[in-house]
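Order of listing sets the numbers, starting from 1, for every ligand and every atom in it. In what follows, residues are counted from 1 in the order of the sequence shown. These figures come from a predicted structure and were not determined experimentally.
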Amino acid sequence: MRVLVTGGTRGIGRACVEYFARQGDRVAFLYHNRADLAEQISRNTGAMGIRADIEKAEDAKRATDAALLALGGIDVLINNAGISQIKLFTELTDEDWSHMLNTNLSGAFYVTREALKPMISQKSGRVIFIGSMWGKVGASCEVHYSAAKSGLRGMTMALAKELGLSGITVNCIEPGVILTDMNRELSEDTLRELKEETPVGRLGTPEDVASLAVFLASKEAGFITGQVIGVDGGFAI
Ligand code: NDP
């Protein structure tokens, strides 16, 4: 398979790049700032890193087209790149709001719109969005993040209906608390509380999420579409 992962340099995206590369797929990934990590991952996995700011429509399009060219098509798209921010709703600036929505929701739109062209022509493909359990239950002090992630739920269901007859499935994975750089700023106490609130009694790993992405991309998952699936240890039940 030819796989494109956005945000492939760290955390969940990096685990996806490694899983798909390990099973012999041809992989390209987009990243934003960490050229150092992109190089290292390319060396270790053979995957191709392409720099892009997916917040910007033209950049997202250019990078997706470059991936398409390098891979000779795209069979699987993992829309993973994202940012988070913790701030009171009343203190959010217009810039905070648009940066969040542009990166986490519009960025996925720009990349998906481009990647779908060859999938529609070949009448097959897999689109996977990485949402968040906060898009389902809402996070205090992360209203813009929750709003963007809820948007991915809607996009998943609507696009699944539109693309069903094109042989393309569209699903969304909603991780719970996963140990990545995104949670680096949380205190030990907060992480302990989050762990205690998680029914399975532990926090998640990037691999917990990547293994579901690999399954949803597989032939065996061909009858699963329009689904929003939590990988959260039961947190958002
Ligand atoms: P990380 O912060 O570890 O990594 C984020 C990745 O996204 C990096 O590869 C980064 O590139 C890339 N990225 C960020 N902004 C842009 C941009 N504008 N253009 C292109 N690439 C960009 O995140 P996680 O692995 O923790 O999260 C991955 C996804 O999972 C996100 O969508 C997040 O919202 C979601 N998620 C995470 C949870 C968690 O607890 N960690 C929980 C629920 C959902 P670079 O390295 O170059 O900066």
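Aromatic ring orientation, H144 versus W97: parallel (interplanar angle below 30°, classes split at 30° and 60°).
With contacts defined as side-chain heavy-atom distances shorter than 4.5 Å, the pair R153/E174 qualifies.
Side chains of N44 and E18: no donor on one and acceptor on the other come within 3.5 Å. Using modelled atom types, one finds a donor on one side chain and an acceptor on the other under 3.5 Å when comparing R14 with Q40.
The residues R202 and D208 are annotated as salt-bridged, a charged nitrogen and a carboxylate oxygen being separated by less than 4.0 angstrom. The residues D65 and R62 are annotated as not salt-bridged, no charged nitrogen and carboxylate oxygen being separated by less than 4.0 angstrom.
At a 4.0 Å heavy-atom cut-off, the residues surrounding ligand 1 are G7, G8, T9, R10, G11, I12, Y31, H32, N33, R34, A52, D53, I54, N80, A81, G82, I83, T103, I130, G131, S132, Y145, K149, P175, G176, V177, I178, T180, D181, M182, N183, listed by chain and number.
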